[in-house]
J.: 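Here you go, one structure.
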2 protein chains.
Amino acid sequence: MVTKQFTGSPQDADLTRADSLAREIFSDVANKWALLIIEALGDGTLRFSELRGEIEGISHKMLTQNLRMLERNGLVERTVHPTVPPRVEYTLTEPGRGLRATVDAMCDWTHRYLGDIEDSRRRFDA
Amino acid sequence: MVTKQFTGSPQDADLTRADSLAREIFSDVANKWALLIIEALGDGTLRFSELRGEIEGISHKMLTQNLRMLERNGLVERTVHPTVPPRVEYTLTEPGRGLRATVDAMCDWTHRYLGDIEDSRRRFDA
DNA sequence: CTGGATCCACAACGATACTG
DNA sequence: CAGTATCGTTGTGGATCCAG
């Protein structure tokens with residue numbers, strides 16, 4: 001569970017610390033762009049510009065920002081080739097690939113229920 | 001894949017429409033509060049106020065807003081008991097439970113790599 | 001090519017007050 | 001209790017410019 005940060009009881013300070021960390025990670029990761037980056041990387045290696053091309057609608061800023069965040073959390077590895085012009089490649093780490101599995105599941109889910117959701121929306125909007 | 005919205009080729013208009021719908025749903029669902037609500041509901045039934053209590057830090061507004069969105073997409077069912085004071089209960093639908101499975105996986109992942117991520121952060125911040 | 005920094009418009013959000 | 005509406009603030013995100 002990542003819904004709770006604090007239990008209230010004073011003695012489980014470690015538990016609440018772990019929970020609040022879990023929530024923090026969850027908040028980092030549970031956002032549109034981060035998950036799309038993970039998904040786009042798959043088990044390949046992509047350059048910054050390639051990622052931009054893969055992910056429809058992501059801006060320069062959002063891409064760098066989220067890549068930094070993912071790198072900080074150890075989900076993507078960033079390798080810089082000291083050439084000119086510079087060539088920077090991104091690839092998922094082991095933890096990153098673990099997360100990717102869950103994102104894949106989410107994408108499958110999306111496509112599986114596409115029709116149902118579309119119907120539900122139409123009904124709701126009426 | 002939900003990373004691409006448009007292919008460029010004119011004849012697969014249906015495919016791009018499906019893709020853009022997938023992206024739209026993905027954007028709705030891939031956000032912190034929505035996923036936390038799904039997770040909190042689990043396979044139970046919770047009232048509005050109970051949800052507020054379960055999800056640390058969510059505001060009244062964010063809760064209603066996201067519940068409407070989830071209801072619109074047919075992921076949660078909202079049943080109003082016409083009593084006074086009113087009693088409104090929320091529960092996951094079948095599609096909602098499907099999504100919940102992936103959120104569960106994401107929570108598991110979070111706890112699994114908690115330590116690694118914490119370490120990676122410390123290294124990065126130095 | 002990659003990425004940091006700055007500026008700014010606009011959306012998100014929290015707080016509050018009000019209704020059924 | 002649940003939900004809507006409004007308002008003011010914060011923060012997100014896009015555009016642009018500059019640097020390595």
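These numbers come from a predicted model, not from an experiment.
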J.: OP1 or OP2 of dA2(D) versus the side-chain N and O atoms of T64(B): is any pair under 4.0 Å?
T.: no

J.: Of all the choices, dG14(C), dT2(C), dG14(D), which nucleotide is nearest to the side chain of F48(A) once you look at every atom?
T.: dT2(C)

J.: To the nearest angstrom, how far is R68(B) atom CZ from dA12(C) atom P?
T.: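 Rounded to the whole Å, the gap is 17 Å.
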
J.: Would you give the length of the straight line joining atom CZ of R112(B) to atom CD1 of I117(B), rounded to the nearest 0.5 angstrom?
T.: 11.0 Å

J.: Are V80(A) and F48(A) grouped together when hydrophobic residues (ILVMFWY) are joined by side-chain heavy atoms under 4.5 angstrom apart?
T.: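 Result: yes, single cluster for both.
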
J.: Side chain of H60(B) only, heavy atoms from C-beta on: which candidate in dG3(D), dG20(C), dT2(C) is closest?
T.: dG3(D)

J.: Find which nucleotide of DNA chain D each of N66(A) and P86(A) is nearest to by heavy atoms, and output the residue with the more 5' nucleotide.
T.: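 Of the two residues, N66(A) wins.
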
J.: S59(B) has a side chain; which of dG3(D), dT2(C), dG14(C) sits nearest to it?
T.: dG14(C)

J.: Does R52(B) reach a base, just sugar-phosphate, or nothing at all? Heavy atoms under 4.0 Å.
T.: nothing

J.: Do Y113(A) and D119(A) touch side chain to side chain, with heavy atoms closer than 4.5 Å?
T.: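 No. Closest side-chain heavy atoms not under 4.5 Å.
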
J.: Nearest to the M62(B) side chain among dG14(C), dT2(C), dG3(D), which nucleotide is it?
T.: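 Nearest to the side chain of M62(B) among the choices is dG14(C).
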
J.: Base, sugar-phosphate alone, or nothing: which one does R47(B) contact when heavy atoms must sit under 4.0 Å apart?
T.: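 It contacts sugar-phosphate atoms only.
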
J.: Heavy atoms from C-beta onward define the side chain here; which of dG4(C), dG3(D), dT2(C) lies closest to that of V88(A)?
T.: dT2(C)

J.: Taking the side chain of K61(A) as its heavy atoms from C-beta onward, which of dG13(D), dG14(C), dG3(C) lies nearest to it?
T.: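 Closest of the options to the side chain of K61(A): dG13(D).
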
J.: At less than 4.0 Å, is any side-chain N or O atom of T83(B) found next to OP1 or OP2 of dC1(D)? Yes or no.
T.: no

J.: Would you kindly give the CG-to-C1' distance between L46(A) and dT2(C), to the nearest whole Å?
T.: 15 Å

J.: State whether Y90(B) places a side-chain N or O below 4.0 Å from either non-bridging phosphate oxygen (OP1 or OP2) of dG3(D).
T.: yes

J.: Are the side chain of R97(B) and the backbone of L75(B) linked by a donor-acceptor contact shorter than 3.5 Å?
T.: no

J.: Nearest to the R78(A) side chain among dC1(C), dT2(C), dG3(D), which nucleotide is it?
T.: dT2(C)

